[in-house]
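Heads up: the structure comes next, in structure tokens.
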Amino acid sequence: MLDPKKIRENFDEINSILNKRNFIIDKKKFESIDNNRKNIIADTESLQNKKNTISKEIGILKSKGEETTLQTESVEQINLELKEKQSLLIKAEDEYNDFLLNIPNILHKSVPHGKSDIDNKIIKYSNDENLEKMTKNTFVDHSEIGKLLNLYDQDIAVKMSSSRFSLLFGSFAQLHRALGSFMIDEHINNHGYTEVNVPLIVNSDSLLGTGQLPKFKDDLFELKNKKNFFLIPTAEVPLTNIFQNKIFDEDELPTKYTSLSYCFRSEAGSYGKDTKGLIRQHQFEKVELVNAVMPSKSDEALDSLLNCAEKILQLLDLPYRKVLLCSGDTGFSSYITYDLEVWMPSQNSYREISSCSNFGDFQARRLNSKYKDKSSKKKQFIHTLNGSGLAVGRTLAAIIENYQNKDGDIEIPDILRPYMNNMKLIKRY
RNA sequence: GGAGAGUUGGCAGAGUGGUCGAAUGCGGCGGUCUUGAAAACCGUUGAGCCGAAAGGUUCCGGGGGUUCGAAUCCCUCACUCUCCGCCA
């Protein structure tokens with residue numbers, strides 16, 4: 001949520017930033033909603049003031065044993081008016097909140113202007129040499145290799161569940177599990193993260209706090225039997241909600257959490273895309289990194305977060321590139337987002353494997369997460385960040401494809417061997 | 001699943017219909033004293049919203065009700081604790 005005060009005071013500036021992401025605040029509508037709310041608050045409060053004053057008077061009169069009929073009647077009259085005003089106020093507040101909750105975040109000044117992913121700015125490539133070497137091989141899609149090796153199956157999953165689910169068997173399942181452990185270990189051992197095991201079901205308030213609701217309900221799985229329950233689309237939601245309604249001391253910041261969790265996404269609107277393999281599943285595992293930081297530190301925190309995610313790709317020696325998302329491709333809640341994209345030989349393209357964002361105070365405002373400033377002693381909103389470090393299913397796919405040798409065997413990356421009983425190869429036969 | 005007890009400010013803990021945003025203690029902050037610190041003493045110390053300010057208003061787990069007036073009474077939901085049962 002943006003600061004309503006800032007919208008009032010710097011309307012044109014904010015609106016022109018939002019225009020870059022193809023969003024326009026209707027100025028007249030905002031002003032009317034804003035003023036309407038203020039007026040009704042003023043009216044309601046003055047009625048309440050009258051009511052309180054007279055009620056106190058009644059208390060005093062009664063203690064003296066004096067007559068109070070006149071006062072009682074006048075409060076009764078006020079109560080009638082008040083009731084009317086209060087129902088108007090509820091409506092006005094709802095309208096106000098709804099309006100604000102549907103405005104996306106402003107953008108960092110370095111976010112490039114653009115409509116869609118084609119306008120994203122490529123920051124760097126990991127190593128072109130490696131890519132060249134890899135592309136000489138004959139590549140088979142990871143799901144094809146998997147089927148060939150009897151380690152991957154989509155057909156059974158469709159029968160027991162639906163499309164966009166799959167099963168991993170044997171070494172694939174083990175490698176998948178190894179990847180999750182390896183990533184988490186890297187973050188907790190070398191980057192100062194605290195591991196958290198989180199609920200996979202959250203309520204709507206949490207999703208409102210991180211920004212998935214109210215706008216993106218269709219992307220979520222909502223539980224039918226119990227009201228107000230949703231499967232998490234990412235561990236960002238539970239991890240960031242650790243900070244809800246919290247006031248940090250300065251020395252508690254930064255707080256850095258990581259979690260290996262399942263994620264559930266409905267993938268509404270992606271029909272026909274990535275129907276094969278592990279790229280786009282309803283259920284997948286992801287290692288998530290979340291930071292709560294002082295506002296002045298969020299730019300550097302994003303760099304450090306990105307480095308943590310990149311480090312995983314480097315340790316796995318996977319070819320990747322780093323991309324700065326353009327205004328039109330940057331997510332609703334994000335202030336600035338970098339994606340890491342891994343090379344997928346079968347698709348002859350780079351695919352997103354991590355997305356790292358600085359949210360500024362956008363989420364903190366929704367979550368009511370503050371810190372107490374030591375010098376000014378004031379409570380201010382913190383900044384929140386998150387990133388994938390990495391998406392486990394996609395990493396598995398990338399390894400299967402990039403580490404396939406000419407015989408069709410899959411080499412296990414050195415760093416994962418300790419997690420795989422020192423297995424070196426997943427053999428074709 | 002059954003029976004009972006709770007939920008009050010950073011924490012502990014009073015308050016059972018009127019001047020209570022809330023006693024008291026601890027903690028925090030500021031000061032006196034001290035070479036410095038501790039102790040002692042004095043003062044101060046919740047948050048949101050409206051307002052330029054003065055000030056007003058709301059908040060005692062959430063929601064609703066009774067009343068001129070609710071932290072206090074009633075209903076309801078959530079959570080916590082104790083006992084019993086069941087269970088990974």
Side-chain angles (χ1 to χ4, degrees), chain A residues 1-10 30-101 197 199-209 213 223 225-230 238 241-253 255 262 292 361 363-382:
Chain A
M1 196 158 83
L2 300 182
D3 184 354
K5 229 181 258 172
K6 279 195 183 145
I7 302 177
R8 263 173 231 139
E9 285 162 13
N10 308 316
F30 172 70
E31 283 175 348
S32 97
I33 287 173
D34 194 37
N35 290 328
N36 181 241
R37 168 175 172 273
K38 281 186 190 176
N39 292 337
I40 295 173
I41 286 175
D43 293 353
T44 309
E45 290 192 352
S46 94
L47 282 171
Q48 266 159 342
N49 181 233
K50 272 193 214 168
K51 172 184 168 170
N52 290 345
T53 311
I54 302 174
S55 292
K56 259 182 197 175
E57 230 173 83
I58 293 172
I60 293 163
L61 287 174
K62 282 219 167 171
S63 70
K64 292 181 188 161
E66 288 177 31
E67 183 61 39
T68 58
T69 326
L70 221 67
Q71 284 79 357
T72 307
E73 277 172 7
S74 109
V75 176
E76 273 168 7
Q77 189 54 45
I78 292 169
N79 275 340
L80 289 178
E81 286 177 61
L82 196 56
K83 212 165 199 182
E84 233 172 276
K85 281 286 173 202
Q86 276 167 341
S87 74
L88 286 178
L89 181 61
I90 290 170
K91 243 172 94 182
E93 294 269 18
D94 282 352
E95 205 179 6
Y96 177 78
N97 286 330
D98 191 60
F99 192 84
L100 290 174
L101 286 172
N197 187 283
L200 302 181
I201 297 173
V202 295
N203 61 34
S204 57
D205 279 348
S206 298
L207 290 155
L208 202 76
L213 288 178
L223 301 192
N225 57 335
K226 195 94 166 159
K227 257 191 208 162
N228 200 23
F229 274 11
F230 297 83
N241 271 280
I242 295 173
F243 312 139
Q244 65 163 268
N245 297 310
K246 180 174 168 72
I247 298 167
F248 289 88
D249 285 331
E250 253 188 52
D251 51 19
E252 291 178 287
L253 298 174
T255 294
Y262 280 102
D361 65 5
Q363 291 182 323
R365 206 172 279 284
R366 291 170 166 237
L367 291 161
N368 189 30
S369 309
K370 299 184 174 177
Y371 78 99
K372 204 174 188 173
D373 189 83
K374 258 188 185 161
S375 52
S376 72
K377 282 171 195 164
K378 287 202 170 164
K379 281 149 192 145
Q380 293 181 17
F381 289 112
I382 59 164

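Numbered from 1 within each chain, the chains take letters A, B, ... in sequence-line order. Given the structure is predicted, the values throughout are model-derived calculations rather than measurements.
- No donor-acceptor contact under 3.5 angstrom links the side chains of A:Asp98 and A:Tyr96, judged on distance only.
- Taking atom CZ on A:Phe248 and atom C1' on B:rG10, their separation rounds to 16 Å, with Å as the unit.
- With rounding to whole Å, A:Leu47 atom CG is found 14 Å from B:rC50 atom C1'.
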Which letter, B, S or -, goes with each nucleotide of nucleotides 55-67 of chain B from 5' to 3', with contact meaning a protein heavy atom under 4.0 Å? -BSS---------
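- Nucleotides B:rG1 and B:rG17 place their P atoms 36 Å apart, quoted to the nearest Å.
- Under 3.5 Å, the side chains of A:Ser206 and A:Asn203 contain a donor-acceptor pair of N or O atoms.
- Nucleotides B:rA52 and B:rU72 have their P atoms positioned 34 Å apart, rounded to a whole Å.
- Across every strand in view, B:rU7 sits in a pair with B:rA78 that passes the Watson-Crick or G-U test at under 3.5 angstrom.
- Atom-to-atom distance recorded for A:Asp94:CG and A:Leu101:CG is 10.5 Å, nearest 0.5 angstrom.
- A salt bridge links A:Asp34 with A:Arg8: the distance from a Lys NZ or Arg NE/NH1/NH2 to an Asp or Glu carboxylate oxygen falls below 4.0 Å.
- In this entry the distance linking NZ of A:Lys379 with P of B:rG46 reads 8 Å, nearest Å.
- For the C1' atoms, the distance linking B:rC83 with B:rG27 amounts to 36 Å, nearest Å.
- Rounded to the nearest Å, the gap between the P atom of B:rU67 and that of B:rC74 is 16 Å.
- With P as the reference atom, B:rG10 and B:rG6 are 24 Å apart, rounded to whole Å.
- Across all strands shown, nothing is found opposite B:rA39 as a Watson-Crick or G-U wobble partner with both distances under 3.5 Å.
- Remark: B:rC73 base-pairs with B:rG65. Criterion, Watson-Crick or G-U wobble with two distances under 3.5 Å.
- Remark on RNA chain B: of its neighbouring residues A:Thr72 and A:Lys38, the 5'-side contact belongs to A:Lys38, judged by nearest-heavy-atom nucleotide.
- Checking B:rA14 for Watson-Crick or G-U wobble geometry (two distances, each under 3.5 Å) identifies no partner in any strand.
- Pairing of B:rC83, defined by two Watson-Crick or G-U wobble distances under 3.5 Å, is identified with B:rG2.
- As a whole-Å value, the separation of A:Glu250 CD from B:rG28 P is 18 Å.
- Nucleotides B:rG25 and B:rG2, compared at atom P, are 45 Å apart to the nearest Å.
- Atoms CD1 (A:Ile33) and P (B:rC50) sit 15 Å apart, rounded to a whole Å.
- Here the closest heavy-atom approach between residue A:Pro238 and residue A:Pro199 is recorded as CG-O, 3.8 Å.
- A distance of about 13 Å separates the C1' atoms of B:rG69 and B:rC20, rounded to the whole Å.
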Got a list of side-chain donor-acceptor pairs under 3.5 Å for residues 76-90 of chain A, not counting sequence neighbours?
{"from": "A:Asn79", "atom 1": "OD1", "to": "A:Lys51", "atom 2": "NZ", "distance (Å)": "3.3"}
{"from": "A:Lys85", "atom 1": "NZ", "to": "A:Asp43", "atom 2": "OD2", "distance (Å)": "3.2"}
{"from": "A:Ser87", "atom 1": "OG", "to": "A:Glu84", "atom 2": "O", "distance (Å)": "3.0"}

Pairs under 3.5 Å (N/O, protein and nucleotides 15-20 of chain B):
{"from": "B:rG18", "atom 1": "N2", "to": "A:Ser55", "atom 2": "O", "distance (Å)": "2.8"}

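- Nearest heavy atom pair, residue A:Ser74 against residue A:Ile54, reads OG-CD1, 3.3 Å.
- Taking the centre of each ring, A:Phe381 and A:Tyr371 stay at or above the 6.0 Å mark.
- A salt bridge between A:Lys372 and A:Glu250 is absent, with no side-chain N of the basic residue lying under 4.0 Å from a carboxylate O of the acidic one.
- Figure legend. B:rA23 is base-paired to no nucleotide; pairs are counted as Watson-Crick or G-U wobble with both atom distances under 3.5 Å.
- Computed from coordinates, the A:Glu81 CD to B:rC68 P distance equals 17 Å when rounded to whole Å.
- Nearest-nucleotide positions on RNA chain B for A:Asn79 and A:Lys372 put A:Lys372 closer to the 5' end.
- In this structure, B:rU44 forms a base pair with B:rG28, meeting either the Watson-Crick or the G-U wobble geometry with both donor-acceptor distances under 3.5 Å.
- Within the 3.5 Å criterion, the main-chain N or O of A:Ile382 finds no donor-acceptor partner in the side chain of A:Ser369.
- Spacing between atom NZ of A:Lys246 and atom C1' of B:rA47 amounts to 17 Å, rounded to whole angstrom units.
- Using a 4.0 Å heavy-atom criterion, one finds that A:Lys370 contacts the sugar-phosphate atoms exclusively.
- Per the geometry, CG belonging to A:Asp34 stands 8 Å off P belonging to B:rG51, to the nearest Å.
- By the 6.0 Å contact criterion, CG on A:Asp251 is enclosed, its count of non-hydrogen atoms from other residues, nucleotides or ligands being greater than 12.
- Distance check on atom C1': B:rC49 versus B:rC42 gives 35 Å, rounded to whole Å.
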